[in-house]
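What follows is a single structure, written as structure tokens, with notes after it.
In each ligand, atom 1 is the first atom listed, and ligand 1 is the first ligand listed.
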Amino acid sequence: MKLKITQFVLLVSLCNLALYHLPFFSYVNVQSGSFALCVVLGLFIFVTNFVFLFPLSFFFPRISKWLVIIFFNINAIAFFYFDSYSVILNKAMIGNIFHTNTTEASSFLSLQLLTTCLIFGVIPSIFFAKINLIPIKKKAFFSQLFLVFFLFISIAYGASTQWIGWLNKNQKMLGGLLLPWSYLVNTPRYLSSEKNQSREQILLPKASIKNNEKSLFVLVIGESSSRANYSLYGYQKDTNPQLAKINNLVAYYAQSCDTYTMAGVKCILEHKKTDKLYEPLPSYLYRSGVEVIWRTVNDGEPYIQTTDYQNQTYLSKICQEKNCGFDEVILSDLQVEINKSGTDKMLLVLHLNPSHGPRYDTKYPQEFEQFTPVCEENDPTVCERQAVVNAYDNTILYTDHILASLIKRLAKIQDRKVAMLYVSDHGESLGEDGVYFHAKDMSIAPKRQYEVPFIVWTSDNARKLKFNYSVKNGLQEDETELSQHNVFHSVLDFLAVDSPVFDREKSVFGERD
Ligand SMILES: [Zn+2]
């Protein structure tokens, strides 16, 4: 088929608008209730795409055709996730995509995704590939471009004067649903923030160790764990049968700073909320003379310095546990590791990955499949919601088992005072109001994505926990919320590390004896 450049660009702009923007217009319609705004925004998207694609197609027709094909295929994938899981392509989600490993990525493949890609990506691509572009004259090009650009300015001006408040309030959501602009804008934004991350960290002021009391702090970082699914926090299903029986254990209410791994982990390891890149807790303690062991079956960690960094490959090699293929691998030879330490102060960080979607059912050994039936699909929307929740609850049951096993081992340590703190990087949505997974912008994220478990255990010989509030059955009676920044100060306090940045108020431990 032969088409003039102008016709081609009009057709592409129209198809882009019609094929991929249903989630965008559903959002605008529900949130604003204004049909007129839907029409104006539709026109604006159409005209914006035209204004950018038209010059490209005029000067580089071949390149523009191939770019359209590439964008349409990416759009199709994005559209599937928008439509099925109510996710948006903001900077956080782009970060998640960059940090998804191949196993996680392949677990998202489903028949529905492939069908959507075929209908919304491959078929339009074949159609566009067969089009022969006919050049137009320069004069026609400039006059048409001028006309559409004028339209573009007029619509932008009209919409901003009429709906500026609403547009400002909803700009993150709208930007995250526009295709292809969401990923075209947010990918460079994410990469530039990554570049900033890798720049030199600001060193914290010199710290000193105040005593030679032998102590060990075990920090366990969870993954996608919502406290709403913990029976310790009142969930009706018994997902914490083992932790519930443990003494000296307190479950605090806490919120994560953000809803995706990198931001959550950064927040757990930093001394205050900041956009700057300060030296994270493990590096700071390592530099101050504390032995720091980092064990991980996850990623998304900032650049850290430790005495020893042990990844999944290493842990699998030394594993003699029953379930080496699951997160329990992180407990391999734990006592050996602690016993061989020659220093008084020790920080052990365990970065777990037990509840990451979409295949919650693959994250735990068979014996933890207590809540059934479970969703066994890569696409949770094709399952009954209860089956998705059941599979997720089993991951919490398994987390309960890992934490309880850890505490049982720590309780046997006689020559050190020991504390364990478990906190999740962020929470998880399980299909409530059609929202799945995490990484929603904090301004619009449901509570489930940032209300996280914050559980502390101390050995009998260790300092007691400080309660600013009364505690009943190990759970705060009021709901004063801690933040992930309480971790940094609690660790310093417990290990008796003095520092100008230490904030006693933020420690969960009481006064020293
Ligand atoms: Zn995470």
Side-chain angles (χ1 to χ4, degrees), residues 81 85-105 107-108 186 190 193-194 197 219-230 254-270 273 280-282 294-304 311-312 326-327 330 349-360 362-364 380 388 391-393 395-396 398-399 402-403 421-432 435-442 444-455 483-485 487:
Y81 286 102
Y85 307 134
S86 288
V87 300
I88 61 167
L89 267 179
N90 54 5
K91 196 173 88 174
M93 188 54 78
I94 297 284
N96 270 345
I97 294 167
F98 273 93
H99 281 267
T100 298
N101 59 36
T102 44
T103 321
E104 270 175 23
S107 66
F108 276 103
N186 284 317
Y190 165 74
S193 69
E194 270 282 277
Q197 289 279 332
L219 169 62
V220 186
I221 303 176
E223 171 62 63
S224 307
S225 229
S226 283
R227 72 164 186 243
N229 292 63
Y230 282 65
Q255 291 192 357
S256 64
C257 303
D258 219 316
T259 59
Y260 62 106
T261 304
M262 272 181 309
V265 174
K266 178 177 180 281
C267 208
I268 290 168
L269 301 179
E270 69 189 358
K273 179 95 181 124
L281 178 69
W294 186 290
R295 290 188 155 193
T296 181
V297 289
N298 205 329
D299 61 12
E301 299 145 1
Y303 172 70
I304 44 168
N311 63 13
Q312 190 153 15
F326 297 92
D327 275 25
I330 212 154
V349 186
L350 307 177
H351 191 187
L352 296 174
N353 190 10
S355 303
H356 201 289
R359 289 295 303 270
Y360 307 114
T362 63
K363 294 287 191 170
Y364 50 81
V388 178
Y392 183 80
D393 286 340
T395 71
I396 305 299
Y398 184 47
T399 305
I402 295 173
L403 295 176
L421 190 160
Y422 166 69
V423 62
S424 185
D425 58 348
H426 53 78
E428 183 86 335
S429 287
L430 300 173
E432 304 78 18
V435 181
Y436 287 86
F437 312 128
H438 53 267
K440 277 261 185 204
D441 193 88
M442 274 303 271
I444 47 165
K447 283 182 175 181
R448 290 191 51 90
Q449 292 196 15
Y450 58 80
E451 287 189 343
V452 291
F454 189 115
I455 299 168
S483 86
Q484 290 171 324
H485 296 300
V487 173

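In this structure the side chain of Tyr392 reaches within 4.5 angstrom of the side chain of Ser226, judged on heavy atoms.
Panel note: side chain Thr296, backbone Asn298; a donor-acceptor pair is recorded below 3.5 Å.
With the Zn ion (ligand 1) as the vertex, atom OG1 of Thr261 and atom OE1 of Glu223 span an angle of 90° (nearest 10 degrees).
The pair Glu432-Arg448 meets the salt-bridge criterion, with a side-chain N (NZ, NE, NH1 or NH2) lying under 4.0 Å from an Asp/Glu carboxylate O.
Relative orientation of the Tyr398 and Phe326 rings is perpendicular, given thresholds of 30° and 60° on the angle between their planes.
Asp425 contributes OD2 as its N, O or S atom closest to the Zn ion (ligand 1).
Residue His426 counts as close to the Zn ion (ligand 1), with an N, O or S atom under 2.8 Å.
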